[in-house]
Amino acid sequence: IFTSPDGAILLGVHLDDTRPAQLEERGVPFVMIGRSLHNTAWVDVDNLGGLRDAVRHLVALGHKRILHITGAHTGQASVQRLEGYLTGLRESGLPEDARLIFDGDFTAIGGYRRVLSSKLEFTAIAAASDEMAHGAVSALEDAGLRVPWDVSVTGFDDIPLAQRHALTTARQPILEIGAAAAELLLERMAGKPARSRLLPTTLIVRASSAALFSATSGTSSSALHQH
């Protein structure tokens with residue numbers, strides 16, 4: 001940060017990010033997109049709840065071996081979505097298995113490589129982003145598996161990519177996030193105390209998730225490692 005603006009909205013804040021401290025030193029009011037542990041204004045979505053809802057949805061469809069593709073561990077959204085995945089398993093009475101958790105770096109190629117290289121059995125994938133979910137779908141298709149008949153897949157965000165490919169996903173309220181951040185920043189610029197907003201996600205069910213078919217179809221929905 002080389003100049004001192006009247007105010008700032010920070011995106012993509014990581015756990016080791018220095019920008020908040022720099023702005024505080026310069027007395028510049030700011031709002032973070034993403035939760036903060038400090039006494040600063042922030043706007044975030046319920047990352048934990050969104051991923052937990054995706055897991056609950058998959059469990060309700062009969063899936064018990066659910067692979068999770070997470071993002072960078074330095075990002076708070078990744079940490080919260082991972083906790084949502086684990087919470088969904090616990091609340092459903094399913095065991096946690098660290099071998100089913102892969103870092104996909106929030107990219108499509110990361111999701112593709114992690115799924116294609118997996119040697120574990122699973123019937124569903126709960127990805128922490130639509131990009132990684134799309135990469136996972138591509139890997140499954142290249143391995144000769146069908147989504148959702150062999151493996152169900154869910155994402156997070158509801159970007160246009162998810163809509164084009166009929167991906168079940170946790171939708172972020174993008175317009176509401178921007179409006180809330182602007183409102184809180186104006187309050188901070190007016191000298192008002194910092195406050196925060198946590199906005200809910202909505203699970204959008206599309207064609208990439210379905211009931212577990214392996215028991216009736218004779219097709220192993222966990223056979224990625226056989227291809």
Side-chain angles (χ1 to χ4, degrees), residues 33-35 42-73 75-98 100-104 106 108 110-111 114-115 122-137 140 147-178 180 196-213 221-222:
I33 303 296
R35 205 171 314 193
W42 54 263
V43 178
D44 202 1
V45 297
D46 187 1
N47 290 296
L48 188 155
L51 216 302
R52 178 192 60 205
D53 289 347
V55 171
R56 285 175 171 174
H57 167 68
L58 293 170
V59 172
L61 292 172
H63 298 280
K64 296 181 179 180
R65 295 285 292 175
I66 303 170
L67 185 147
H68 178 55
I69 310 175
T70 185
H73 294 296
Q76 293 194 50
S78 295
V79 174
Q80 293 158 7
R81 293 175 193 181
L82 172 59
E83 184 56 35
Y85 164 76
L86 296 173
T87 299
L89 293 180
R90 288 193 296 266
E91 291 180 351
S92 301
L94 296 178
E96 299 176 15
D97 187 345
L100 288 173
I101 300 172
F102 292 90
D103 182 358
F106 276 134
R114 290 304 189 184
V115 170
F122 55 86
T123 64
I125 298 172
S129 78
D130 292 339
E131 289 280 357
M132 293 189 295
H134 179 60
V137 170
L140 293 168
V147 175
W149 293 276
D150 295 322
V151 180
S152 287
V153 180
T154 65
F156 201 112
D157 292 329
D158 198 30
I159 61 177
L161 177 72
Q163 300 165 26
R164 290 196 303 270
H165 293 276
L167 180 68
T168 295
T169 188
R171 173 184 289 169
Q172 294 202 52
I174 300 299
L175 294 179
E176 290 88 343
I177 292 171
S196 303
R197 294 277 305 277
L198 183 66
L199 304 176
T201 61
T202 303
L203 185 67
I204 306 300
V205 178
R206 298 192 178 101
S208 69
S209 59
L212 187 59
F213 287 103
S221 59
S222 56

Is a side-chain donor or acceptor of [X] paired with a backbone partner of [Y] at a separation under 3.5 angstrom?
{"X": "His63", "Y": "Ala210", "answer": "yes"}
{"X": "Gln76", "Y": "Arg35", "answer": "yes"}
{"X": "Arg206", "Y": "Thr168", "answer": "no"}
{"X": "Tyr85", "Y": "Ile66", "answer": "yes"}
{"X": "Asp130", "Y": "Ile159", "answer": "yes"}
{"X": "His68", "Y": "Ala126", "answer": "yes"}

What are the two closest non-hydrogen atoms of [X] and [Y], and how far apart are they?
{"X": "Ala54", "Y": "Leu203", "result": "CA-CD1, 4.2 Å"}
{"X": "Thr169", "Y": "Gly155", "result": "OG1-C, 3.1 Å"}
{"X": "Leu89", "Y": "Glu96", "result": "CD1-CA, 4.3 Å"}
{"X": "Ser129", "Y": "Phe106", "result": "CB-CD2, 3.6 Å"}
{"X": "Ser196", "Y": "Trp42", "result": "OG-NE1, 2.9 Å"}
{"X": "Gly50", "Y": "Ala170", "result": "O-CB, 3.9 Å"}

Sub-4.5 Å side-chain heavy-atom contact between [X] and [Y]:
{"X": "Val147", "Y": "Ser152", "result": "no"}
{"X": "Ile101", "Y": "Leu86", "result": "yes"}
{"X": "Thr123", "Y": "Val151", "result": "no"}
{"X": "Pro148", "Y": "Val153", "result": "no"}
{"X": "Glu176", "Y": "Ile174", "result": "no"}

Test Arg81 against every option in Asp46, Asp157, Asp44 by the salt bridge (charged side-chain N to carboxylate O under 4.0 Å, His left out) rule and name the one that passes.
-> Asp157
Does the side chain of Ser208 come under 3.5 Å of the side chain of His165 through a donor N or O and an acceptor N or O?
-> no
Hey, are Thr87 and Arg90 close enough side-chain-wise for a donor-acceptor pair under 3.5 Å?
-> yes
Decide salt bridge (charged side-chain N to carboxylate O under 4.0 Å, His left out) for Asp97 and Arg65; before the verdict, give the C-alpha distance in whole Å, the side-chain angles of both, and the deciding distance to 0.1 Å.
-> CA-CA 9 Å; Asp97 187 345; Arg65 295 285 292 175; 3.3 Å; yes
Mind checking what makes side-chain contact (heavy atoms from CB on, under 4.5 Å) contact with Asp53, not counting sequence neighbours?
-> Arg56
Verdict with reasoning, Ile125 to Ile69, per side chain to side chain contact (heavy atoms under 4.5 Å, CB included) | CA-CA 7 Å; Ile125 298 172; Ile69 310 175; 3.8 Å; yes
Report the C-alpha distance between Gln172 and Ile177 in whole Å, list the side-chain angles of each, state the deciding distance to 0.1 Å, and finish with yes or no for side chain to side chain contact (heavy atoms under 4.5 Å, CB included).
-> CA-CA 8 Å; Gln172 294 202 52; Ile177 292 171; 3.6 Å; yes
Carefully, step by step, assess Arg171 and Thr201 under the rule side chain to side chain contact (heavy atoms under 4.5 Å, CB included).
-> CA-CA 5 Å; Arg171 173 184 289 169; Thr201 61; 6.0 Å; no
Got a second to check how far Phe102's CZ is from Thr70's OG1, nearest 0.5 Å?
-> 12.0 Å
Taken to the nearest 0.5 Å, the spacing of Gln80 CD from Leu82 CG works out to 10.5 Å
Evaluation steps, side chain to side chain contact (heavy atoms under 4.5 Å, CB included), between Phe156 and Leu51 | CA-CA 7 Å; Phe156 201 112; Leu51 216 302; 3.8 Å; yes
